[in-house]
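Data block below; observations after.
Note on naming: letters A, B, ... go to the chains in the order of the sequence lines (proteins, then strands), and numbering restarts at 1 for each one.
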There are 2 protein chains.
Amino acid sequence: MEKRNTVQKQLVLQAVRELQCHPTAEEVYQRVAARHPSISKATVYRNLNSLAEDGLVRRVAMPDAADRFDFTVGPHYHIKCAGCGRVIDAPAAYMPRLDAETEKETGFRISRHDLVFEGLCPACREKRA
Amino acid sequence: MEKRNTVQKQLVLQAVRELQCHPTAEEVYQRVAARHPSISKATVYRNLNSLAEDGLVRRVAMPDAADRFDFTVGPHYHIKCAGCGRVIDAPAAYMPRLDAETEKETGFRISRHDLVFEGLCPACREKRA
DNA sequence: GTGGCTGCAAAATGTTTGCACGGAT
DNA sequence: ATCCGTGCAAACATTTTGCAGCCAC
């Protein structure tokens with residue numbers, strides 16, 4: 001059950017790192033395929049899952065869209081532009097207190113929360129004027 | 001471009017109302033089909049989209065799962081059980097200040113945010129002990 | 001009567017899986 | 001030699017779409 005460090009896995013990790021802005025699996029695939037055309041999309045998916053499992057990338061599930069992958073592993077929030085679909089990190093700091101409070105009030109054991117702002121980035125805002 | 005109020009649409013809305021706990025499109029379909037077996041799943045999807053557009057139901061997109069629909073239209077947060085997948089409303093109140101602060105710090109025009117807690121409900125917690 | 005709505009099936013997404021083989025340990 | 005990871009294609013799950021006929025307006 002030992003995990004191997006294959007060329008493909010390294011390429012996938014490197015791609016997520018380089019495509020800083022929360023690429024989708026498809027974008028990661030495109031990037032890796034540019035240098036290593038024989039790679040299969042299934043391998044990209046398998047490696048993204050494996051890397052997420054090991055905490056080397058973070059999976060960011062988006063409302064009504066494909067999952068995105070993030071090289072910044074620590075807890076933080078995201079902003080999604082409704083115009084162009086781009087996703088960036090939000091400046092707001094993670095609020096651990098919310099988890100504790102919700103846990104107390106509900107009886108659930110809360111492990112974390114996700115927060116996604118939705119809005120328009122400056123570029124898309126201009127485009128609509 | 002006028003919207004019609006068909007029997008199917010009424011049944012879909014009624015089903016979301018009755019299945020209070022954030023049903024998926026599939027669950028809504030099952031419920032409606034029980035009384036009206038000739039309905040098509042496509043019609044359920046089309047009506048859910050139409051109702052969401054009109055603000056009569058709310059679409060709640062879930063990480064790694066099918067979208068859910070919610071009859072409570074006002075802004076509120078959700079908790080998803082990692083064990084059984086059930087989704088319930090969270091007691092925490094919506095924090096409009098986050099939107100204003102993020103807007104100021106980023107230059108985005110923020111319209112809202114989604115917050116989803118992840119944890120284990122009491123039943124699933126017991127099951128793991 | 002007309003144009004949106006329905007039902008059906010097919011397509012479109014996004015992701016996972018079965019299988020045989022090749023490569024790392 | 002083992003057995004994990006790969007590539008390929010097919011399966012899968014969810015949602016959308018093309019089309020002909022129907023029904024509410």
Side-chain angles (χ1 to χ4, degrees), chain A residues 1-16 19 22-54 56-70 80 85-87 116, chain B residues 1-16 19 22-54 56-70 80 84-85 87 116:
Chain A
M1 197 54 132
E2 187 133 349
K3 274 203 183 166
R4 289 182 191 171
N5 192 18
T6 59
V7 180
Q8 287 89 340
K9 181 181 284 190
Q10 290 174 50
L11 287 169
V12 167
L13 180 54
Q14 187 191 341
V16 175
L19 296 165
H22 311 86
T24 61
E26 176 68 28
E27 288 164 339
V28 173
Y29 169 70
Q30 295 296 340
R31 176 83 173 198
V32 175
R35 296 267 148 81
H36 192 297
S38 71
I39 200 173
S40 141
K41 207 176 280 192
T43 298
V44 171
Y45 274 101
R46 277 187 287 232
N47 278 318
L48 284 171
N49 286 338
S50 166
L51 290 165
E53 207 176 282
D54 294 350
L56 292 174
V57 302
R58 181 174 155 195
R59 176 193 299 275
V60 185
M62 281 295 148
D64 291 348
D67 287 358
R68 289 166 177 278
F69 293 87
D70 189 342
K80 180 184 165 198
R86 234 168 22 111
V87 172
V116 181
Chain B
M1 197 53 134
E2 187 133 347
K3 273 205 182 166
R4 288 181 192 172
N5 194 16
T6 59
V7 180
Q8 287 89 339
K9 181 181 284 191
Q10 290 174 49
L11 288 169
V12 167
L13 179 54
Q14 189 191 340
V16 175
L19 296 165
H22 310 86
T24 61
E26 175 69 28
E27 288 163 341
V28 173
Y29 168 70
Q30 296 296 340
R31 176 84 174 197
V32 175
R35 296 265 148 82
H36 191 298
S38 70
I39 199 171
S40 141
K41 205 174 283 192
T43 298
V44 172
Y45 275 101
R46 277 185 288 231
N47 278 318
L48 285 172
N49 287 339
S50 167
L51 291 165
E53 207 175 283
D54 295 350
L56 292 175
V57 302
R58 181 174 156 197
R59 176 194 298 277
V60 185
M62 282 295 148
D64 292 347
D67 287 359
R68 289 164 177 280
F69 294 86
D70 189 342
K80 180 185 166 198
C84 59
V87 172
V116 181

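Contact of the B/K9 side chain with the B/R4 side chain is not registered, since no non-hydrogen atoms from C-beta on lie closer than 4.5 Å. Looking only at side-chain heavy atoms (C-beta outward), A/V28 and A/R31 stay at 4.5 Å or farther from each other. With a 4.5 Å cut-off on side-chain heavy atoms, B/K80 and B/R68 do not count as touching. A/I39 is not listed as a side-chain neighbour of A/L11, based on a closest heavy-atom distance of 4.5 Å or more.
The CG atom of B/L19 sits 10.0 Å away from atom CD of B/Q14, with the distance rounded to the nearest 0.5 Å. Separating the NE2 atom in A/H36 from the CD atom in A/Q10 is a distance of 10.5 Å, to the nearest 0.5 Å. Taken from CG in A/L48 to CZ in A/R59, the straight-line distance is 7.5 Å, to the nearest 0.5 Å. With values rounded to the nearest 0.5 angstrom, B/N47 atom CG is found 11.0 Å from B/L56 atom CG.
The phosphate of C/dG7 (OP1 or OP2) has a side-chain N or O of B/T43 nearer than 4.0 angstrom. Distances shown here put every side-chain N or O of A/N5 at or beyond 4.0 Å from the OP1 or OP2 atom of D/dG5. For the OP1/OP2 pair of C/dG7 and a distance below 4.0 Å, the side-chain nitrogens and oxygens of B/Q8 include at least one atom meeting the criterion.
Of the residues near DNA chain D, A/I39 and B/T6, the one whose nearest nucleotide (by heavy atom distance) lies more toward the 5' end is A/I39.
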Collect all protein-nucleotide pairs involving nucleotides 13-17 of chain C in which both atoms are nitrogen or oxygen and the distance is under 3.5 Å.
unit_1: C/dT15; atom_1: OP1; unit_2: A/D67; atom_2: N; d: 3.1
unit_1: C/dT15; atom_1: OP2; unit_2: A/Y45; atom_2: OH; d: 2.8
unit_1: C/dT16; atom_1: OP2; unit_2: A/N49; atom_2: ND2; d: 3.1

Pairs under 3.5 angstrom, nitrogen or oxygen only, protein versus nucleotides 21-23 of chain C, please.
unit_1: C/dG23; atom_1: N2; unit_2: A/R4; atom_2: NH1; d: 3.0

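The distance between atom OH of A/Y29 and atom P of D/dC8, rounded to the nearest whole Å, is 8 Å. Separating the CD atom of A/Q10 from the C1' atom of D/dT6 is a distance of 15 Å, rounded to the nearest angstrom. Rounded to whole angstrom, the span from the NZ atom of A/K3 across to the P atom of D/dT6 amounts to 11 Å.
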